[in-house]
Amino acid sequence: MGFKSGFVGVLGQANVGKSTFINALMGKKLLIVSEKRQSTRHRIQCVLTLPGAQIIFVDTPGLHQPVDKLSKYLLKQAYAALDGLDVLVYMTEPWGKLHEYDEKVFDHLKNFTNPIVLLINKIDLASKEQLEATQAAYQQTGLFRTIVPISCTQGANLGIAANTIAELLPEGPKYFADEIQTDRSTEFVIAEFIREKIYQLTHKEIPYSTGVEVVHMQEREGGKLVDVIANIYVARESQKPIIIGNGGRMIKEIGRLARQEIEAFLGKHVYLDLQVKVRPNWNEDEAEIAKLLGREG
Ligand SMILES: Nc1nc2c(ncn2[C@@H]2O[C@H](COP(=O)(O)OP(=O)(O)OP(=O)(O)O)[C@@H](O)[C@H]2O)c(=O)[nH]1
Ligand SMILES: [Mg+2]
């Protein structure tokens, strides 16, 4: 059997663990993860090169009922990812039944002609009965080639999931060199780590009103230290003091946690300078959303 390769989209409701799954298989954190919905805002490719196959995972924003301009944009991004996929992974949780929003999603999946694998994630949280009921409900739709129950946090069945996906890929070339792990720039990954900490530390509408952009990155001291300047954009003047916090405590904490992630990612010391700027109502204006998020697709 020759070398297998292809593009594998990971789609599913918000928060089911799509990004966690890809990070786990990559063995490295490339994608942000959070307890809050809509943490992923882009289609991001992560390249897993195995001895006999290359899987190009396409992470996508979680599917959801769109409520505002930003969530509409994210939904469009997710469905656009279906184009050109060799295998689709649909991820769900062991809710014991279909998700209420699944029917809408299945309308889109019916037009997809390549194999679809169902991954039921977070089985560590479910009873045997819940898992069996979930398997039965999804099996009945007739949409899925295979169903694999997994737990990303416990590492359960992740190897089986990877092999199942690899086996379904067509024979093909190595699209990316061995050392390539993502199609995104280092600046993009860094901006995402900063956004992850904002998701972790702030509440209510703040995460959804925030965008991050790295505006400067330069090595110094013979490459041992990296200077990074990033802008954190908020949608309203009143959100600025929330991100900055009392006596600058919040922005310092965002910076401290983000710097740890960035240093682990780059393997270098980082000097991180965060600046908070207002971009009035950027998250309610399609052109502004595309300008801030669309730069990298
Ligand atoms: N208990 C449990 N939690 C998990 C598991 N996998 C992921 N999670 C948690 O689920 C939450 C959502 O994970 P993400 O990877 O951000 O989910 P996502 O599907 O990418 O979310 P969006 O990008 O917002 O659509 C995080 O708090 C993860 O730690 C699992 O196997 N078990
Ligand atoms: Mg995600």
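Every number for a ligand or one of its atoms is a count from 1 in the order of the listing.
- Between atom 9 (C) of ligand 1 and the options K36, K122, E35, the minimum heavy-atom separation is to K122.
- Each of the atoms 1 (N) of ligand 1 lies under 4.0 Å from some heavy atom of L125.
- More than 12 heavy atoms of other residues, nucleotides or ligands sit less than 6.0 Å from atom OH of Y175.
- Taking all heavy atoms of N121, V16, T153 into account, the minimum distance to atom 6 (N) of ligand 1 is reached by N121.
- For atom 20 (O) of ligand 1, the nearest non-hydrogen atom from the set S19, A24, G155 belongs to S19.
- The ligand atoms of ligand 1 that sit less than 4.0 angstrom from a heavy atom of Q38 are 24 (O).
- A cation-pi arrangement is not found for R37 relative to Y199, the charged atom failing to lie both closer than 6.0 Å to the ring centre and inside a 45° cone about the ring normal.
- Nearest protein neighbour of atom 29 (O) of ligand 1, counting heavy atoms only, is V33 CG1, 4.1 Å.
- Using a 4.0 angstrom heavy-atom cutoff, S34 counts as in contact with ligand 1.
- With a 4.0 Å cut-off on non-hydrogen atoms, D124 touches ligand 1 through its side chain and not its backbone.
- In this model, no donor atom of one side chain and acceptor atom of the other lie less than 3.5 Å apart for Y73 and N283.
- Near the Mg ion (ligand 2), less than 2.8 Å away, sit the protein N, O or S atoms S19 OG, T40 OG1.
- A 4.5 Å side-chain heavy-atom check between K224 and H269 finds every atom pair outside the cut-off.
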